[in-house]
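Whatever order the structure lists ligands and atoms in, that order sets their numbers, starting from 1.
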Amino acid sequence: MPDAPAAPAAPTAPAALPLFNLAHRHAPDEVAEPGTAAEVAAAVRRAAGAGRQVHPVGTGHGWTHPIEGGLALLTRGLAGVRVDAARGSARIGAGTTWAEVAEAAAPHGLTPLSGSAPGVGAIGFLLGGGLSPLGRTYGWASDYVRSAEVVTGTGEVVSASASSHPDLFWALLGGKHVPGVVTAVEVDLLPLTRVYGGGLFFAATDAEAVLTAWADWSAQVPDLVNTSVALLQLPDLPFVPEPLRGRFVVHVRIAVPLDATAEPGLAAGLVEPMRTVAKPVVDTLAELPAAAIGAVHADPDQPMSVLEAGALLRAFDADAARAMLAAAGPQAGAPLAVVEVRRLGGRLAQAPAVPDAVAGRDAAYGLFVVSAPVPELFAGPVPAAVGALAQAMAPWASGTFQPNFIGALNKPDAWDTAWPGGVAARLDEVRATYDPAGVIGH
Ligand SMILES: Cc1cc2nc3c(=O)[nH]c(=O)nc-3n(C[C@H](O)[C@H](O)[C@H](O)COP(=O)(O)OP(=O)(O)OC[C@H]3O[C@@H](n4cnc5c(N)ncnc54)[C@H](O)[C@@H]3O)c2cc1C
């Protein structure tokens, strides 16, 4: 599905890049914002000719390091959503956020398998596999990709699918650092309009009771129940609702897709054990439109400076809950805004219909940590706190990583162990085939 050739957009002098995470000082030599795949191809060829790397940039939720030199290729100019209601699919341009896809799909009774934050870019998310707050029920978001339009590192526009460039398509489904600029994808949408979900926020004094109960409960819930728990240190700022402002709370997140067989009453019954562990400070569980899935995690949507780290876990039992609280609980004083554990398993653990490079199918839980948004703490206190937490959780760690949750605070070798050896070697082969000169940088 290549676009018609067009005059390439002229690169501009670098300016501050409009990215979500402000922690990294990006310093590209130049910035371009092409509007078509043909313009992307021209920009890639021009950069390659000048010996420069091309860094595809989405919303900037996922950069773990600064861009140094080369061309920052902003994909926002390619954004757009075209829903094909008859096929139950959508064509999503690069630079599009999940909120925009959900908004376009909802009038057709459809919804995308998006992530926790509506402002995250669809393409960067899908390239890492894409872990949705509905993933236990529906699987990885990349399981729903039908095809992708890609400008390769050699500047060619190709359409990749299970039957066209299948090696490249395999790498696009979870390989994360891919040998091209993805300019658009076509994904299947879910015929889903309603979700039972939201959050239960508990006081710090109930942290041990809630976290140990969640550990037991989450291990047994059916695949219909999607859940995560987070230790949150919320800022004393007006955008935080009053009962939670400036407090340390434990946030249990729930999402249960609804249909004729799964009604809110059934969903409420499934989560009742967590509702009654202690008295929540705030309880937002309710029936929601599927497009409002962002309300489940209620992630911040304003740009901020944070450092992150992630790991996959084999298990998360009551002892793991206590170890986590000792390192990052209310008494620990750790400079961490979010320490989150997501229950995986269910359909996430099933083999895909089309072979892919998704990492993390066999993990039981995912751990993700976001620092306090305080750059003065980034050099010493934050890495020390993350190191202490990693040590505390080591008995439960799988030793593998999910690429969408590798952050600046992960050790560099997290990228080497994210994929099993055979998958990593095959990803390198695909990169060498489609980008032999290593033009595409991430
Ligand atoms: C608040 C928050 C919530 C999140 N929630 C989830 C979640 O629920 N589940 C989950 O799986 N992940 C989640 N993530 C991680 C998120 O999926 C990644 O950060 C993702 O990379 C963001 O995509 P982006 O399009 O914004 O890309 P960017 O952050 O701009 O880029 C990230 C990487 O993707 C590459 N990239 C981006 N666009 C393209 C393109 N068009 N072609 C080729 N390469 C490209 C970039 O080169 C870079 O290496 C979350 C992140 C944040 C900050």
Side-chain angles (χ1 to χ4, degrees), residues 17-24 26 28 34 37 40 44 53-65 67 70-79 92-98 113-135 140-142 148-153 160 168 171-172 174-185 226 228 230 253 255 293-294 296-308 310 337-338 340 342 344 348 358-360 366 368 370 373 402-408 415 434-435 440-442:
L17 299 181
L19 303 189
F20 177 81
N21 193 339
L22 307 174
H24 310 294
H26 299 290
V40 173
V44 168
Q53 276 204 312
V54 175
H55 308 282
V57 175
T59 64
H61 280 77
W63 282 91
T64 58
H65 57 277
I67 296 172
L71 171 67
L73 193 145
L74 307 186
T75 55
R76 186 64 196 163
L78 300 157
I92 306 171
T96 308
T97 65
W98 281 121
L113 193 52
S114 68
S116 62
V120 162
I123 303 291
F125 172 91
L126 288 168
L127 292 175
L131 176 60
S132 168
L134 294 171
W140 296 90
S142 63
E149 181 186 74
V150 185
V151 175
T152 67
L168 177 60
L172 297 176
K176 190 70 186 177
H177 294 156
V178 298
V181 181
V182 176
T183 48
V185 291
N226 296 269
S228 62
R253 295 86 160 253
I293 191 77
V296 172
H297 282 236
D299 288 332
D301 57 2
Q302 292 304 309
M304 56 178 58
S305 284
V306 286
L307 300 180
E308 299 158 330
V338 183
E340 155 188 293
R342 296 194 194 196
L344 308 182
L348 292 164
V358 171
F368 189 56
V370 182
Q402 215 300 320
N404 274 359
F405 296 90
I406 294 177
W415 289 107
Y434 289 91
D435 184 20
I440 307 298
H442 292 280

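Residues Gln402 and Gly128 share a closest heavy-atom pair of NE2-O, 2.9 Å. Among all heavy-atom pairs drawn from Asn21 and Ala23, the shortest one is OD1-N, 2.9 Å. In plain terms, the two heavy atoms of Arg342 and Ser116 that are nearest each other are NH2-OG, 3.4 Å. Of all heavy-atom pairs spanning Pro133 and Gly115, the tightest one is CD-C, 3.5 Å.
For the pair Thr183 (side chain) and Glu149 (backbone), a donor-acceptor distance under 3.5 Å is present.
Set against the non-hydrogen atoms of Gly130, the atoms of ligand 1 under 4.0 Å away are 11 (O). Taking every non-hydrogen atom of Val181 and a distance limit under 4.0 Å, the qualifying atoms of ligand 1 come out as 42 (N). Taking every non-hydrogen atom of Ser116 and a distance limit under 4.0 Å, the qualifying atoms of ligand 1 come out as 3 (C), 4 (C), 5 (N), 6 (C), 7 (C), 8 (O). Which parts of ligand 1 touch Ala94 is read off a 4.0 Å heavy-atom cut-off, strictly below it: atoms 41 (N).
In terms of N/O distances under 3.5 Å, ligand 1 is not approached by Ala117. Checked by distance only, ligand 1 and Asn404 come closer than 3.5 Å through their nitrogen or oxygen atoms. Among the atoms of Gly60, some N or O lies under 3.5 angstrom from an N or O of ligand 1. Between Gly62 and ligand 1, at least one N/O pair is under 3.5 Å apart. Inclusion of Gly124 in the set of residues having an N or O under 3.5 Å from an N or O of ligand 1 is warranted. Of the polar atoms of Gly115, none of the N or O atoms is found under 3.5 Å from an N or O of ligand 1, judged by distance alone.
Taking CD1 of Ile406 as the start and CZ of Phe368 as the end, the distance is 10.5 Å to the nearest 0.5 Å. The CG atom of Asp301 lies 8.0 Å from the NE2 atom of His61; values are rounded to the nearest 0.5 Å. Rounding to the nearest 0.5 Å gives a distance of 8.5 Å between CZ of Phe20 and CD of Gln302.
With a 4.5 Å cut-off on side-chain heavy atoms, Pro179 and Leu168 count as touching. Contact annotation: the side chain of Asn404 never approaches that of Leu131 to less than 4.5 Å [non-hydrogen atoms, C-beta and beyond]. In this structure, the side chains of Ile67 and Leu17 come closer than 4.5 Å at one or more pairs of heavy atoms. Looking only at side-chain heavy atoms (C-beta outward), Pro56 and Ile440 come within less than 4.5 Å of each other. At a threshold of 4.5 Å between non-hydrogen side-chain atoms, the residues Leu113 and Phe125 do not count as touching.
In terms of protein heavy-atom proximity, atom 30 (O) of ligand 1 is nearest to Gly58 N, 2.7 Å. Ranking the protein heavy atoms by distance from atom 35 (C) of ligand 1 puts His442 ND1, 3.9 Å first. Looking at atom 41 (N) of ligand 1, its nearest protein heavy atom turns out to be Val182 O, 2.8 Å. The protein heavy-atom contact nearest to atom 13 (C) of ligand 1 is Phe405 CZ, 4.0 Å. In terms of protein heavy-atom proximity, atom 52 (C) of ligand 1 is nearest to His61 CD2, 3.8 Å. For atom 10 (C) of ligand 1, the nearest non-hydrogen atom of the protein is Phe125 CE1, 3.2 Å. For atom 9 (N) of ligand 1, the closest non-hydrogen atom on the protein side is Leu131 O, 2.7 Å. Summary of contacts: the protein heavy atom closest to atom 26 (O) of ligand 1 is Thr59 OG1, 2.4 Å.
Relative ring orientation between Trp415 and His177 is described as tilted, the plane-to-plane angle lying within the 30° to 60° band.
Only the side chain of Leu127 comes within 4.0 Å of ligand 1, counting heavy atoms alone; its backbone N, CA, C and O stay farther away. Here Asp299 has side-chain heavy atoms under 4.0 Å from ligand 1, and that is the only part of it that gets that close. When heavy-atom distances to ligand 1 are checked against a 4.0 Å cut-off, Trp63 comes that close through both its backbone and its side chain. Under 4.0 angstrom from ligand 1, the non-hydrogen atoms of His177 all belong to its side chain. Proximity of Glu149 to ligand 1, defined as any heavy-atom pair under 4.0 Å, is not found for any part of the residue. The backbone and the side chain of Pro56 each have at least one atom closer than 4.0 Å to an atom of ligand 1 (non-hydrogen atoms only). Contacts of Lys176 with ligand 1, taken as heavy-atom pairs under 4.0 Å, involve the side chain alone.
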Begin with the C-alpha distance, continue with both residues' side-chain angles, and end with the deciding distance and a verdict on side-chain contact (heavy atoms from CB on, under 4.5 Å) for Val178 and Tyr434. CA-CA 9 Å; Val178 298; Tyr434 289 91; over 6 Å; no

Carefully, step by step, assess Leu19 and Thr59 under the rule side-chain contact (heavy atoms from CB on, under 4.5 Å). CA-CA 6 Å; Leu19 303 189; Thr59 64; over 6 Å; no

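Residue contact annotation: Gly180 has a non-hydrogen atom under 4.0 Å from ligand 1. Proximity of His65 to ligand 1 is not established, as no heavy-atom distance is less than 4.0 Å.
For the residues Val370, Leu126, Val120, the heavy atom positioned nearest atom 16 (C) of ligand 1 is part of Val120.
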